[in-house]
There are 2 protein chains.
Amino acid sequence: MLQRKPAEDRKTDIVEALLRLADQIGPDRLTTNDIAREVGVTQAAIFRHFPTKAELWSAVGEVIAVRLAEAWQQALAANTTPKDRLRALIAAQLRQIEATPALPAILHSREINVDNVILRERFRGLMMQYQAHLVANLEGMIADGSMTPDVRPQDAAVLLTSLVQGIAIRWSLGSRGFALQPEGLRLLDVQLALFAYGERQR
Amino acid sequence: MLQRKPAEDRKTDIVEALLRLADQIGPDRLTTNDIAREVGVTQAAIFRHFPTKAELWSAVGEVIAVRLAEAWQQALAANTTPKDRLRALIAAQLRQIEATPALPAILHSREINVDNVILRERFRGLMMQYQAHLVANLEGMIADGSMTPDVRPQDAAVLLTSLVQGIAIRWSLGSRGFALQPEGLRLLDVQLALFAYGERQR
DNA sequence: CTTGTGAGTGAGTAAACACTAACATAAGGT
DNA sequence: ACCTTATGTTAGTGTTTACTCACTCACAAG
(Lines give C-alpha, C1' and ligand atoms only; values in the text may rest on other atoms or scores of the structure.)
Protein backbone atom coordinates (compact mmCIF):
# COMPACT_ATOMS: atom_id res chain seq x y z
CA MET A 1 0.00 0.00 0.00
CA LEU A 2 0.91 3.60 -0.53
CA GLN A 3 2.49 5.89 2.00
CA ARG A 4 -0.02 7.97 3.89
CA LYS A 5 0.37 11.70 4.20
CA PRO A 6 -1.17 14.32 6.45
CA ALA A 7 -4.25 15.83 4.83
CA GLU A 8 -2.63 19.19 4.22
CA ASP A 9 0.29 17.67 2.27
CA ARG A 10 -2.02 15.48 0.23
CA LYS A 11 -4.24 18.43 -0.57
CA THR A 12 -1.34 20.34 -2.07
CA ASP A 13 -0.30 17.18 -3.96
CA ILE A 14 -3.76 17.03 -5.51
CA VAL A 15 -3.80 20.72 -6.41
CA GLU A 16 -0.33 20.47 -8.00
CA ALA A 17 -1.39 17.38 -9.96
CA LEU A 18 -4.43 19.24 -11.24
CA LEU A 19 -2.31 22.19 -12.35
CA ARG A 20 0.03 19.83 -14.21
CA LEU A 21 -2.76 17.86 -15.89
CA ALA A 22 -4.92 20.87 -16.75
CA ASP A 23 -2.22 21.86 -19.21
CA GLN A 24 -2.11 18.47 -20.96
CA ILE A 25 -5.74 17.38 -20.82
CA GLY A 26 -7.51 20.74 -20.57
CA PRO A 27 -9.31 22.25 -17.58
CA ASP A 28 -12.79 21.31 -18.75
CA ARG A 29 -11.89 17.72 -19.64
CA LEU A 30 -10.00 16.87 -16.49
CA THR A 31 -11.62 14.07 -14.49
CA THR A 32 -11.17 13.08 -10.86
CA ASN A 33 -9.82 9.76 -12.16
CA ASP A 34 -7.05 11.53 -14.10
CA ILE A 35 -6.08 13.46 -10.99
CA ALA A 36 -6.11 10.39 -8.74
CA ARG A 37 -3.87 8.46 -11.14
CA GLU A 38 -1.41 11.38 -11.32
CA VAL A 39 -1.28 11.67 -7.52
CA GLY A 40 -1.05 7.91 -7.09
CA VAL A 41 -4.15 7.29 -5.00
CA THR A 42 -7.61 5.93 -5.77
CA GLN A 43 -10.33 8.17 -7.09
CA ALA A 44 -12.25 7.92 -3.83
CA ALA A 45 -9.27 9.37 -1.96
CA ILE A 46 -9.73 12.69 -3.80
CA PHE A 47 -13.16 13.05 -2.22
CA ARG A 48 -11.76 12.52 1.26
CA HIS A 49 -9.88 15.80 0.86
CA PHE A 50 -12.32 17.76 -1.29
CA PRO A 51 -16.05 17.13 -0.82
CA THR A 52 -16.84 18.01 -4.45
CA LYS A 53 -14.91 18.62 -7.63
CA ALA A 54 -16.11 22.24 -7.55
CA GLU A 55 -14.45 22.77 -4.15
CA LEU A 56 -11.23 21.31 -5.53
CA TRP A 57 -11.38 23.91 -8.29
CA SER A 58 -12.00 26.62 -5.71
CA ALA A 59 -8.84 25.56 -3.89
CA VAL A 60 -6.90 25.66 -7.16
CA GLY A 61 -8.25 29.12 -7.90
CA GLU A 62 -7.26 30.34 -4.47
CA VAL A 63 -3.69 29.04 -4.91
CA ILE A 64 -3.40 30.77 -8.28
CA ALA A 65 -4.80 34.05 -6.94
CA VAL A 66 -2.34 34.07 -4.02
CA ARG A 67 0.64 33.27 -6.24
CA LEU A 68 -0.19 36.03 -8.72
CA ALA A 69 -0.75 38.63 -6.01
CA GLU A 70 2.53 37.69 -4.31
CA ALA A 71 4.47 37.86 -7.57
CA TRP A 72 3.13 41.36 -8.24
CA GLN A 73 3.90 42.60 -4.76
CA GLN A 74 7.45 41.30 -5.07
CA ALA A 75 7.86 42.93 -8.50
CA LEU A 76 6.74 46.29 -7.10
CA ALA A 77 8.83 46.05 -3.93
CA ALA A 78 12.07 45.11 -5.70
CA ASN A 79 12.07 48.11 -8.04
CA THR A 80 11.91 51.87 -7.70
CA THR A 81 11.52 53.58 -11.10
CA PRO A 82 8.15 53.30 -12.87
CA LYS A 83 9.75 51.72 -15.95
CA ASP A 84 11.57 49.06 -13.89
CA ARG A 85 8.39 48.30 -12.00
CA LEU A 86 6.43 47.95 -15.22
CA ARG A 87 9.02 45.58 -16.66
CA ALA A 88 9.05 43.60 -13.43
CA LEU A 89 5.24 43.31 -13.47
CA ILE A 90 5.29 41.92 -17.01
CA ALA A 91 8.26 39.65 -16.22
CA ALA A 92 6.44 38.30 -13.16
CA GLN A 93 3.39 37.46 -15.24
CA LEU A 94 5.50 35.68 -17.87
CA ARG A 95 7.32 33.74 -15.16
CA GLN A 96 4.05 32.62 -13.59
CA ILE A 97 2.78 31.36 -16.94
CA GLU A 98 6.07 29.57 -17.58
CA ALA A 99 5.88 27.88 -14.17
CA THR A 100 2.19 27.00 -14.59
CA PRO A 101 1.44 26.70 -18.30
CA ALA A 102 -2.19 25.83 -17.61
CA LEU A 103 -2.71 29.28 -16.09
CA PRO A 104 -4.24 31.06 -19.11
CA ALA A 105 -6.46 28.09 -19.91
CA ILE A 106 -7.68 27.89 -16.29
CA LEU A 107 -8.29 31.64 -16.10
CA HIS A 108 -10.54 31.42 -19.15
CA SER A 109 -12.04 28.01 -18.34
CA ARG A 110 -15.78 27.48 -18.01
CA GLU A 111 -15.07 25.63 -14.78
CA ILE A 112 -14.19 28.94 -13.16
CA ASN A 113 -15.98 31.50 -15.30
CA VAL A 114 -19.35 29.79 -15.54
CA ASP A 115 -19.73 27.36 -12.65
CA ASN A 116 -17.87 29.16 -9.89
CA VAL A 117 -19.33 32.64 -9.46
CA ILE A 118 -17.27 33.54 -6.39
CA LEU A 119 -14.00 32.63 -8.07
CA ARG A 120 -14.95 34.47 -11.24
CA GLU A 121 -15.43 37.69 -9.28
CA ARG A 122 -12.19 37.04 -7.38
CA PHE A 123 -10.23 36.78 -10.63
CA ARG A 124 -12.00 39.75 -12.17
CA GLY A 125 -10.92 41.86 -9.21
CA LEU A 126 -7.40 40.47 -9.39
CA MET A 127 -7.02 41.32 -13.07
CA MET A 128 -8.37 44.82 -12.49
CA GLN A 129 -5.76 45.20 -9.77
CA TYR A 130 -3.02 44.18 -12.20
CA GLN A 131 -4.33 46.65 -14.77
CA ALA A 132 -4.33 49.35 -12.07
CA HIS A 133 -0.67 48.62 -11.24
CA LEU A 134 0.23 48.95 -14.92
CA VAL A 135 -1.69 52.21 -15.30
CA ALA A 136 -0.10 53.69 -12.18
CA ASN A 137 3.42 52.97 -13.41
CA LEU A 138 2.64 54.14 -16.94
CA GLU A 139 1.48 57.43 -15.39
CA GLY A 140 4.76 57.49 -13.49
CA MET A 141 6.63 57.01 -16.76
CA ILE A 142 4.79 59.91 -18.37
CA ALA A 143 5.69 62.04 -15.36
CA ASP A 144 9.40 61.14 -15.45
CA GLY A 145 9.58 61.52 -19.22
CA SER A 146 10.15 57.90 -20.24
CA MET A 147 6.82 57.75 -22.03
CA THR A 148 4.86 59.93 -24.43
CA PRO A 149 1.78 61.68 -23.01
CA ASP A 150 0.08 61.13 -26.36
CA VAL A 151 -1.08 57.63 -25.38
CA ARG A 152 -3.60 57.27 -22.56
CA PRO A 153 -2.16 55.06 -19.80
CA GLN A 154 -5.33 52.95 -19.85
CA ASP A 155 -4.84 52.22 -23.55
CA ALA A 156 -1.16 51.49 -23.05
CA ALA A 157 -2.04 49.07 -20.25
CA VAL A 158 -4.45 47.22 -22.54
CA LEU A 159 -1.72 46.99 -25.20
CA LEU A 160 0.68 45.52 -22.64
CA THR A 161 -1.70 42.94 -21.16
CA SER A 162 -2.64 41.97 -24.70
CA LEU A 163 1.04 41.51 -25.46
CA VAL A 164 1.44 39.10 -22.55
CA GLN A 165 -1.65 37.11 -23.53
CA GLY A 166 -0.66 37.06 -27.19
CA ILE A 167 2.86 35.78 -26.50
CA ALA A 168 1.51 33.17 -24.08
CA ILE A 169 -0.90 31.87 -26.72
CA ARG A 170 1.82 31.78 -29.37
CA TRP A 171 4.07 29.98 -26.89
CA SER A 172 1.58 27.22 -26.10
CA LEU A 173 0.32 26.80 -29.68
CA GLY A 174 3.89 26.57 -30.95
CA SER A 175 4.60 23.69 -28.54
CA ARG A 176 6.78 25.96 -26.37
CA GLY A 177 9.31 26.30 -29.15
CA PHE A 178 10.92 29.36 -27.55
CA ALA A 179 11.66 30.71 -24.08
CA LEU A 180 8.61 32.66 -22.97
CA GLN A 181 10.15 35.21 -20.65
CA PRO A 182 13.06 36.43 -22.87
CA GLU A 183 10.87 36.65 -25.96
CA GLY A 184 8.16 38.45 -23.99
CA LEU A 185 10.60 40.95 -22.52
CA ARG A 186 12.17 41.54 -25.92
CA LEU A 187 8.79 42.47 -27.40
CA LEU A 188 8.00 44.53 -24.32
CA ASP A 189 11.13 46.58 -25.00
CA VAL A 190 10.02 47.08 -28.60
CA GLN A 191 6.70 48.42 -27.33
CA LEU A 192 8.34 50.55 -24.63
CA ALA A 193 10.67 52.05 -27.24
CA LEU A 194 7.58 53.03 -29.24
CA PHE A 195 6.03 54.56 -26.11
CA ALA A 196 9.21 56.62 -25.69
CA TYR A 197 9.34 57.87 -29.29
CA GLY A 198 6.71 60.54 -28.83
CA GLU A 199 8.78 62.03 -26.05
CA ARG A 200 12.06 62.03 -27.96
CA GLN A 201 10.71 64.11 -30.83
CA ARG A 202 9.79 67.02 -28.55
CA MET B 1 -43.84 16.26 -35.58
CA LEU B 2 -41.15 18.49 -36.85
CA GLN B 3 -40.60 19.68 -40.38
CA ARG B 4 -38.03 17.65 -42.25
CA LYS B 5 -35.22 19.33 -44.13
CA PRO B 6 -32.80 18.22 -46.84
CA ALA B 7 -29.59 16.94 -45.32
CA GLU B 8 -27.50 19.88 -46.48
CA ASP B 9 -29.78 22.44 -44.80
CA ARG B 10 -29.93 20.44 -41.60
CA LYS B 11 -26.19 20.06 -41.53
CA THR B 12 -25.71 23.82 -41.62
CA ASP B 13 -28.40 24.15 -38.92
CA ILE B 14 -26.41 21.80 -36.72
CA VAL B 15 -23.11 23.58 -37.35
CA GLU B 16 -24.71 26.99 -36.63
CA ALA B 17 -26.26 25.63 -33.43
CA LEU B 18 -22.88 24.34 -32.32
CA LEU B 19 -21.24 27.70 -32.98
CA ARG B 20 -23.94 29.44 -30.93
CA LEU B 21 -23.74 26.99 -28.02
CA ALA B 22 -19.96 26.71 -27.95
CA ASP B 23 -19.92 30.30 -26.76
CA GLN B 24 -22.37 29.73 -23.89
CA ILE B 25 -21.47 26.21 -22.76
CA GLY B 26 -17.86 25.99 -23.92
CA PRO B 27 -16.40 23.93 -26.78
CA ASP B 28 -15.13 21.11 -24.56
CA ARG B 29 -18.35 20.78 -22.56
CA LEU B 30 -20.76 20.81 -25.45
CA THR B 31 -22.73 17.56 -25.76
CA THR B 32 -24.65 16.16 -28.72
CA ASN B 33 -27.76 16.48 -26.55
CA ASP B 34 -27.23 20.23 -26.15
CA ILE B 35 -26.88 20.61 -29.90
CA ALA B 36 -29.95 18.49 -30.68
CA ARG B 37 -32.10 20.52 -28.26
CA GLU B 38 -30.89 23.78 -29.83
CA VAL B 39 -31.62 22.55 -33.36
CA GLY B 40 -34.96 21.11 -32.30
CA VAL B 41 -34.40 17.46 -33.16
CA THR B 42 -33.61 14.35 -31.14
CA GLN B 43 -30.05 13.51 -30.22
CA ALA B 44 -30.01 10.54 -32.57
CA ALA B 45 -30.80 12.82 -35.52
CA ILE B 46 -27.39 14.47 -35.15
CA PHE B 47 -25.73 11.15 -35.94
CA ARG B 48 -27.73 10.74 -39.12
CA HIS B 49 -25.87 13.78 -40.50
CA PHE B 50 -22.49 13.35 -38.82
CA PRO B 51 -21.25 9.81 -38.17
CA THR B 52 -19.24 10.89 -35.12
CA LYS B 53 -18.94 13.97 -32.94
CA ALA B 54 -15.36 14.38 -34.15
CA GLU B 55 -16.55 14.65 -37.76
CA LEU B 56 -19.06 17.29 -36.69
CA TRP B 57 -16.19 19.27 -35.23
CA SER B 58 -14.24 18.83 -38.45
CA ALA B 59 -17.15 20.32 -40.37
CA VAL B 60 -17.27 23.24 -37.93
CA GLY B 61 -13.55 23.79 -38.34
CA GLU B 62 -13.88 23.76 -42.10
CA VAL B 63 -16.66 26.38 -42.00
CA ILE B 64 -14.58 28.62 -39.76
CA ALA B 65 -11.48 28.24 -41.93
CA VAL B 66 -13.41 29.14 -45.09
CA ARG B 67 -15.07 32.17 -43.48
CA LEU B 68 -11.77 33.55 -42.20
CA ALA B 69 -9.96 33.04 -45.49
CA GLU B 70 -12.82 34.73 -47.38
CA ALA B 71 -12.90 37.68 -45.00
CA TRP B 72 -9.16 38.22 -45.46
CA GLN B 73 -9.35 38.00 -49.25
CA GLN B 74 -12.16 40.55 -49.25
CA ALA B 75 -10.21 42.87 -46.96
CA LEU B 76 -7.18 42.73 -49.25
CA ALA B 77 -9.20 43.12 -52.46
CA ALA B 78 -11.22 46.12 -51.26
CA ASN B 79 -8.18 48.23 -50.38
CA THR B 80 -5.07 49.48 -52.11
CA THR B 81 -2.64 51.15 -49.68
CA PRO B 82 -0.75 48.93 -47.21
CA LYS B 83 -2.15 50.84 -44.23
CA ASP B 84 -5.75 50.49 -45.42
CA ARG B 85 -5.22 46.81 -46.08
CA LEU B 86 -3.75 46.31 -42.62
CA ARG B 87 -6.70 48.06 -40.99
CA ALA B 88 -9.11 46.04 -43.10
CA LEU B 89 -7.41 42.78 -42.06
CA ILE B 90 -7.75 43.67 -38.39
CA ALA B 91 -11.31 44.91 -38.87
CA ALA B 92 -12.22 41.67 -40.64
CA GLN B 93 -10.88 39.62 -37.75
CA LEU B 94 -12.80 41.68 -35.20
CA ARG B 95 -15.98 41.37 -37.28
CA GLN B 96 -15.60 37.59 -37.47
CA ILE B 97 -15.22 37.36 -33.69
CA GLU B 98 -18.21 39.62 -33.16
CA ALA B 99 -20.32 37.44 -35.48
CA THR B 100 -19.05 34.21 -33.92
CA PRO B 101 -18.03 34.94 -30.33
CA ALA B 102 -17.06 31.31 -29.77
CA LEU B 103 -14.31 31.63 -32.36
CA PRO B 104 -11.34 32.26 -30.02
CA ALA B 105 -12.49 29.53 -27.64
CA ILE B 106 -12.87 27.03 -30.50
CA LEU B 107 -9.51 27.94 -32.01
CA HIS B 108 -7.84 27.16 -28.69
CA SER B 109 -10.09 24.25 -27.72
CA ARG B 110 -8.72 20.80 -26.94
CA GLU B 111 -11.35 19.37 -29.25
CA ILE B 112 -9.44 20.81 -32.21
CA ASN B 113 -5.91 21.17 -30.89
CA VAL B 114 -5.58 17.77 -29.22
CA ASP B 115 -8.09 15.37 -30.76
CA ASN B 116 -8.19 16.56 -34.36
CA VAL B 117 -4.67 16.56 -35.78
CA ILE B 118 -5.71 17.45 -39.35
CA LEU B 119 -7.72 20.45 -38.23
CA ARG B 120 -4.95 21.63 -35.91
CA GLU B 121 -2.49 21.74 -38.80
CA ARG B 122 -5.12 23.43 -40.99
CA PHE B 123 -5.60 26.23 -38.44
CA ARG B 124 -1.87 26.56 -37.85
CA GLY B 125 -1.38 27.14 -41.54
CA LEU B 126 -4.28 29.57 -41.64
CA MET B 127 -2.90 31.65 -38.81
CA MET B 128 0.55 31.71 -40.38
CA GLN B 129 -1.12 32.97 -43.55
CA TYR B 130 -2.79 35.80 -41.62
CA GLN B 131 0.53 36.68 -40.00
CA ALA B 132 2.14 36.70 -43.48
CA HIS B 133 -0.54 39.12 -44.77
CA LEU B 134 0.14 41.43 -41.83
CA VAL B 135 3.91 41.30 -42.33
CA ALA B 136 3.60 41.97 -46.07
CA ASN B 137 1.51 45.08 -45.50
CA LEU B 138 3.69 46.30 -42.64
CA GLU B 139 6.65 46.04 -45.04
CA GLY B 140 4.60 48.04 -47.52
CA MET B 141 4.00 50.67 -44.85
CA ILE B 142 7.71 50.94 -44.13
CA ALA B 143 8.32 51.34 -47.86
CA ASP B 144 5.71 54.08 -48.30
CA GLY B 145 6.81 55.86 -45.14
CA SER B 146 3.75 55.31 -42.93
CA MET B 147 5.76 53.21 -40.49
CA THR B 148 9.12 53.38 -38.78
CA PRO B 149 11.80 50.96 -40.02
CA ASP B 150 13.00 50.65 -36.41
CA VAL B 151 10.45 47.91 -35.64
CA ARG B 152 10.78 44.59 -37.43
CA PRO B 153 7.56 43.80 -39.34
CA GLN B 154 7.44 40.34 -37.73
CA ASP B 155 7.46 41.93 -34.27
CA ALA B 156 4.85 44.48 -35.28
CA ALA B 157 2.64 41.68 -36.61
CA VAL B 158 2.89 39.86 -33.28
CA LEU B 159 1.92 43.06 -31.46
CA LEU B 160 -1.11 43.47 -33.71
CA THR B 161 -2.38 39.88 -33.46
CA SER B 162 -1.89 40.11 -29.70
CA LEU B 163 -3.95 43.27 -29.72
CA VAL B 164 -6.85 41.51 -31.44
CA GLN B 165 -6.69 38.55 -29.07
CA GLY B 166 -6.37 40.78 -26.03
CA ILE B 167 -9.38 42.90 -26.93
CA ALA B 168 -11.41 39.81 -27.75
CA ILE B 169 -10.66 38.32 -24.34
CA ARG B 170 -11.50 41.58 -22.56
CA TRP B 171 -14.71 41.77 -24.59
CA SER B 172 -15.90 38.29 -23.63
CA LEU B 173 -14.80 38.46 -20.00
CA GLY B 174 -16.50 41.83 -19.58
CA SER B 175 -19.83 40.35 -20.76
CA ARG B 176 -19.53 42.19 -24.09
CA GLY B 177 -19.89 45.54 -22.35
CA PHE B 178 -18.56 47.45 -25.37
CA ALA B 179 -18.62 47.24 -29.15
CA LEU B 180 -15.71 45.05 -30.18
CA GLN B 181 -14.94 46.44 -33.62
CA PRO B 182 -14.89 50.20 -32.81
CA GLU B 183 -12.87 49.70 -29.64
CA GLY B 184 -10.47 47.39 -31.45
CA LEU B 185 -9.96 49.81 -34.32
CA ARG B 186 -9.49 52.70 -31.90
CA LEU B 187 -6.66 50.84 -30.16
CA LEU B 188 -5.27 49.79 -33.54
CA ASP B 189 -5.00 53.48 -34.46
CA VAL B 190 -3.18 54.17 -31.20
CA GLN B 191 -0.68 51.46 -32.10
CA LEU B 192 -0.37 52.61 -35.71
CA ALA B 193 0.29 56.17 -34.53
CA LEU B 194 3.14 54.78 -32.41
CA PHE B 195 4.46 52.87 -35.42
CA ALA B 196 4.45 56.16 -37.37
CA TYR B 197 6.25 58.18 -34.66
CA GLY B 198 9.71 56.94 -35.52
CA GLU B 199 9.20 58.15 -39.05
CA ARG B 200 7.92 61.60 -38.10
CA GLN B 201 11.00 62.51 -36.09
CA ARG B 202 13.33 61.97 -39.01
C1' DC C 1 2.12 -2.27 23.67
C1' DT C 2 -2.24 -0.76 23.18
C1' DT C 3 -5.66 2.03 21.14
C1' DG C 4 -8.19 5.94 18.84
C1' DT C 5 -8.05 8.58 14.76
C1' DG C 6 -8.24 9.51 10.11
C1' DA C 7 -6.03 8.56 5.45
C1' DG C 8 -6.93 5.39 1.98
C1' DT C 9 -9.44 1.43 -0.42
C1' DG C 10 -12.91 -1.58 -2.98
C1' DA C 11 -17.05 -1.91 -4.66
C1' DG C 12 -20.54 0.12 -5.57
C1' DT C 13 -24.41 4.15 -7.32
C1' DA C 14 -27.26 7.06 -10.64
C1' DA C 15 -26.77 10.18 -14.22
C1' DA C 16 -24.78 11.61 -18.48
C1' DC C 17 -22.11 10.48 -22.32
C1' DA C 18 -21.42 9.13 -27.56
C1' DC C 19 -23.33 6.12 -30.47
C1' DT C 20 -26.64 2.23 -32.66
C1' DA C 21 -30.47 -0.52 -34.54
C1' DA C 22 -35.14 -1.02 -35.79
C1' DC C 23 -38.86 1.22 -37.12
C1' DA C 24 -41.87 5.36 -38.91
C1' DT C 25 -43.31 8.81 -42.02
C1' DA C 26 -42.88 13.28 -44.60
C1' DA C 27 -41.44 14.67 -49.11
C1' DG C 28 -40.48 14.47 -53.96
C1' DG C 29 -39.94 12.41 -58.41
C1' DT C 30 -42.55 9.59 -61.75
C1' DA D 1 -51.91 8.75 -56.64
C1' DC D 2 -48.18 5.90 -55.57
C1' DC D 3 -43.81 4.38 -54.16
C1' DT D 4 -39.22 5.05 -53.02
C1' DT D 5 -36.06 7.36 -50.32
C1' DA D 6 -34.04 9.83 -46.95
C1' DT D 7 -34.99 12.34 -42.59
C1' DG D 8 -36.49 11.54 -38.40
C1' DT D 9 -37.83 8.94 -33.81
C1' DT D 10 -37.85 5.47 -29.97
C1' DA D 11 -35.53 2.81 -27.19
C1' DG D 12 -31.92 1.03 -26.42
C1' DT D 13 -26.17 -0.08 -25.88
C1' DG D 14 -21.67 0.10 -23.16
C1' DT D 15 -18.66 3.46 -21.04
C1' DT D 16 -17.40 7.22 -18.24
C1' DT D 17 -18.61 10.56 -14.98
C1' DA D 18 -18.87 12.50 -10.02
C1' DC D 19 -19.80 10.82 -5.81
C1' DT D 20 -20.91 7.31 -1.64
C1' DC D 21 -20.32 3.93 1.91
C1' DA D 22 -18.65 0.31 4.66
C1' DC D 23 -14.45 -1.13 5.84
C1' DT D 24 -9.09 -1.44 6.65
C1' DC D 25 -4.97 -0.41 8.55
C1' DA D 26 -0.87 3.02 9.17
C1' DC D 27 0.61 5.84 12.71
C1' DA D 28 1.37 8.62 16.70
C1' DA D 29 -0.05 9.71 21.50
C1' DG D 30 -0.54 7.69 26.10
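The figures that follow rest on heavy atoms only: side chains count, while hydrogens, waters and symmetry mates do not. Quick caveat, the model's predicted, so the values are computed rather than measured.
Rounded to an integer number of Å, the gap from NZ of A:Lys5 to P of C:dT9 is 13 Å. Rounded to a whole Å, the CZ atom of B:Arg48 is 14 Å from the P atom of C:dC23. Residue B:Arg29 contributes atom CZ, which lies 14 Å from atom P of D:dT17 at whole-angstrom precision. The distance between atom CG of B:Asp9 and atom C1' of D:dT7, rounded to the nearest whole Å, is 12 Å. Atom-to-atom, CZ of B:Phe47 to C1' of C:dA22 comes out at 17 Å; the value is rounded to the nearest Å. A:Ile35 places its CD1 atom 8 Å from the P atom of D:dA18, with the value rounded to the nearest Å. Protein atom NZ of A:Lys53 is 15 Å distant from nucleotide atom P of C:dA16, rounded to whole Å.
Remark: B:Thr12 OG1 to B:Glu16 CD distance equals 7.0 Å, nearest 0.5 Å.
Residue B:Leu56 is out of contact with every strand shown, counting any heavy-atom pair closer than 4.0 Å.
Within 3.5 Å, a donor on the side chain of A:Gln43 pairs with an acceptor on the base of D:dA18, or the reverse. Taking only distance into account, the side chain of B:Arg4 meets the base of C:dT25 through a donor-acceptor pair shorter than 3.5 Å.
Using a 4.0 Å cut-off, some side-chain N or O of A:Arg10 falls inside it from OP1 or OP2 of C:dG8. An OP1 or OP2 oxygen of C:dG8 is reached within less than 4.0 angstrom by a side-chain nitrogen or oxygen of A:His49.
In terms of heavy-atom proximity, B:Lys11 sits nearest to B:Phe50 at CG-CZ, 3.8 Å.
For A:Ala7, the side-chain atoms get nearest to C:dA7 when compared with the rest of D:dA18, D:dG8, C:dA7. Which of D:dA11, D:dC19, C:dT9 sits closest to the side chain of B:Ala44 comes down to D:dA11. Distances were taken from every side-chain heavy atom of A:Thr42 (C-beta onward) to each of C:dA18, C:dG10, D:dT9; the shortest belongs to C:dG10. Candidate nucleotides C:dT9, D:dC19, C:dC19 were compared by shortest atom distance to the side chain of A:Val41, and C:dT9 ranks first.
A donor-acceptor contact under 3.5 angstrom links the side chains of B:Asp144 and B:Ser146, judged on distance only.
Using cut-offs of 30° and 60° on the angle between ring planes, the pair A:Tyr130 and A:Trp72 is tilted.
Other residues, nucleotides and ligands contribute at most 12 non-hydrogen atoms within 6.0 Å of the CZ atom of A:Arg124.
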